[in-house]
Amino acid sequence: MRKTNAVYEPDNSLKMGYLSLCKDIVNELIGNRWLIEQFFRKDFSASYKQSFIGVFWALIVPIISVGTFVLLRNSGLFFTGSLHIPYPLYAVLGMASWQLFSSGLTAGSNSLIKAGPMIAKINFSKKSLVLASSLQGIIPFVIQLTLGIIMCFIYGIVPKWQALFTPILILPLMLLTYGLSLLLALLNGIIRDIANALNILLTFLLFMTPVLYVIPGSGMLSRIANLNPLSHLISVPRQFIIEGSTQQWVGFIFSSMVSFIVFLICLLAFHLTETRVAERI
Amino acid sequence: MNQPAIQVTNVSKKYSKTLKRSMLYGLADVSRNLLGMRSHSEKLRKDEFWALDDISFEVNKGETVGIIGSNGSGKTTLLKMLNGIFWPDKGKISINGSVGSLIEVGAGFHPLLTGRENIYVNAAILGMSKEEVNEKFDSIVDFSGIGDFLDTPVKHYSSGMFVRLGFSIAAHCEPDILLVDEILAVGDTAFRIKCYNMMSDITKRTSVLLVSHDLTAVSRICKKCLLINHGKLEFYGDTFDALNKYSDLLTNSGNNIAGITQNDSRVSDFTLMSAASKSITEIQHSQPMTVRFSYNLNNIKSARPLFVIHFISNDGTRIGHCISNAAFALSAEGKAEVTIPKMSIRPGVYHIGLVILDENLLTHYFICEQMATLRVTGRTITSSYITIDSKWEFK
């Protein structure tokens with residue numbers, strides 16, 4: 001058992017100052033590495049138990065959704081902008097990053113409620129629980145990325161060696177996912193409308209983000225897409241795989257900074273309020 | 001340094017009665033905290049009440065303390081605050097050492113995962129390290145007695161196995177302070193005895209706080225007790241005194257709860273009498289007593305109603321009864337006198353209930369679980385309720 005000396009008082013954290021709070025948070029997450037691993041395994045194996053296809057659902061979902069858009073595009077109902085790589089490949093690589101964000105956020109924001117009675121009965125690190133859930137998109141991401149690479153070879157495009165930077169390039173997206181998960185998990189604990197609203201919001205966001213289409217040269221959508229941090233965080237890893245470089249450095253660095261700030265604020269907010277939410281789950 | 005393991009100073013906790021307001025207040029408090037403002041949690045807002053009010057006590061290292069009180073008195077809330085799940089709205093709690101809890105066993109189990117997988121996840125949630133789990137794994141499996149089912153998903157476990165595995169993991173945590181909530185009544189008898197033995201082993205090394213309605217268990221395990229009544233600390237001290245105070249509280253409360261009646265059946269003047277025909281609320285174990293009451297059974301169909309007097313323990317268990325004879329017809333109105341030659345229920349406080357039903361035991365005409373409260377005095381020796389008349393010879 002961990003040795004702990006604790007003092008519980010109302011508004012305790014406020015007296016400590018933000019710097020020592022950050023230290024507490026980092027210590028908590030590092031000290032709970034094993035717990036995070038266990039939560040991650042639990043979520044992962046639980047979601048694919050009692051299922052024949054198991055983790056290969058990660059392949060079926062993008063194939064069907066990308067297939068639908070390929071069909072729409074080929075019938076001229078959906079205009080994607082001009083591309084110099086085959087559309088299915090573009091869409092699969094985009095969807096891989098998108099689901100890393102969307103499935104992580106969905107799982108993360110529901111994690112506290114799903115754990116319900118446990119939260120009201122055992123005192124454990126809730127940040128670790130949300131983290132483990134918000135990382136749920138990683139394994140499907142790896143599978144879909146592999147699918148994308150295989151498709152590259154099928155289309156006769158050799159992926160650039162810079163594709164090896166992918167793990168680093170998706171880090172800002174993952175920070176954003178974790179940060180927003182913390183915030184939504186917290187709010188979801190108090191008002192349950194969040195889960196429903198999130199589903200609608202994610203669908204809306206998918207179309208506001210150039211995942212399945214190319215940013216148009218001008219117009220409303222172009223402006224939104226350029227300001228949307230997600231569009232850079234998702235496009236840049238894709239460009240690195242296909243082209244080995246990107247023209248969106250400014251947008252990417254700006255978006256990464258936004259992600260980091262969002263992450264930091266959400267983490268602090270969560271830390272300051274988690275016990276208040278525990279009593280309302 | 002000889003610091004107490006737990007130090008609770010003027011702690012209060014409030015709850016909101018309605019869900020909507022709880023949501024609003026939650027949002028307000030969270031936003032205030034975020035903006036670095038105090039939440040002014042010491043004030044009551046509309047629809048809020050104090051679930052715990054100004055509690056102070058200390059528990060020293062290695063002490064075992066019971067927490068007793070009727071349902072809804074705030075025992076579990078106190079335990080959750082000591083665990084750090086909820087924070088107090090007023091006052092301060094200092095904990096010196098690691099805290100483990102046996103609050104609800106198996107709370108984190110995932111039904112689709114196997115016993116083996118769940119042991120790892122649950123142990124991690126309870127705060128064990130990887131090395132600790134690996135080291136104690138065999139002992140956990142052994143104690144739980146799940147044997148061959150280790151690699152079966154826990155959803156196929158019997159409820160007993162489920163609880164046993166949960167208890168076994170929690171009991172292997174070895175914290176400095178252990179919080180136990182009504183947990184010892186799990187599993188079958190053999191396992192219960194194992195739990196008790198484990199508990200008495202744990203209490204040698206650990207400070208234990210035990211919430212229980214099983215007063216015998218409390219009096220055996222704990223030397224000291226906290227008595228909580230309606231969120232206030234009534235008494236803290238020697239277990240024997242605490243149990244007596246608790247008995248007083250129970251005797252003085254809730255005597256006048258109306259029964260459920262049908263067709264206007266009425267019972268009145270329900271009194272307990274001693275052998276000397278004096279009205280009593282207390283009786284010495286193995287002494288005689290009499291119950292008297294008047295009844296009015298107008299408008300009921302059965303000509304031969306049955307009367308049952310129940311003795312009901314604190315946790316609601318009916319532990320003994322006296323039943324009338326339905327062989328003869330009764331007049332619709334009258335008085336009854338029930339003689340009990342020897343009060344054979346073990347010392348404690350009991351509610352006395354009265355049930356009137358038809359001779360087929362199907363229709364209830366009158367039910368009241370709290371006609372009176374009786375305190376049986378004497379020395380508690382056993383954990384079973386009834387002393388059966390017996391003659392012993394040793395050769």
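Proteins come first, then strands; the chains are lettered A, B, ... in the order of their sequence lines, and each starts at number 1.
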For residues B:Thr114 and B:Glu117, is any side-chain donor paired with an opposing acceptor at under 3.5 Å?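 A donor-acceptor contact under 3.5 Å links the two side chains.
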Tell me which pairs pass side-chain hydrogen bond (donor to acceptor under 3.5 Å, both in side chains) where either residue lies in residues 127-137 of chain A, with sequence neighbours left out.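 Non-adjacent pairs meeting side-chain hydrogen bond (donor to acceptor under 3.5 Å, both in side chains): A:Glu28-A:Lys127, A:Asp43-A:Ser133, A:Ser125-A:Ser128, A:Lys127-A:His271, A:Lys127-A:Glu274.
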So what's closer than 4.5 Å to chain A heavy atoms on [X]: side chain, backbone, both or neither?
X	answer
B:Lys80	side chain
B:Ser101	side chain
B:Leu24	neither

Between B:Phe57 and B:Leu78, is there a side-chain heavy-atom distance shorter than 4.5 Å?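 Sidechains of B:Phe57 and B:Leu78: in contact.
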side-chain contact (heavy atoms from CB on, under 4.5 Å) partners of A:Leu183, counting only residues at least two apart: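 Result, side-chain contact (heavy atoms from CB on, under 4.5 Å) vs A:Leu183: A:Leu187, A:Cys266.
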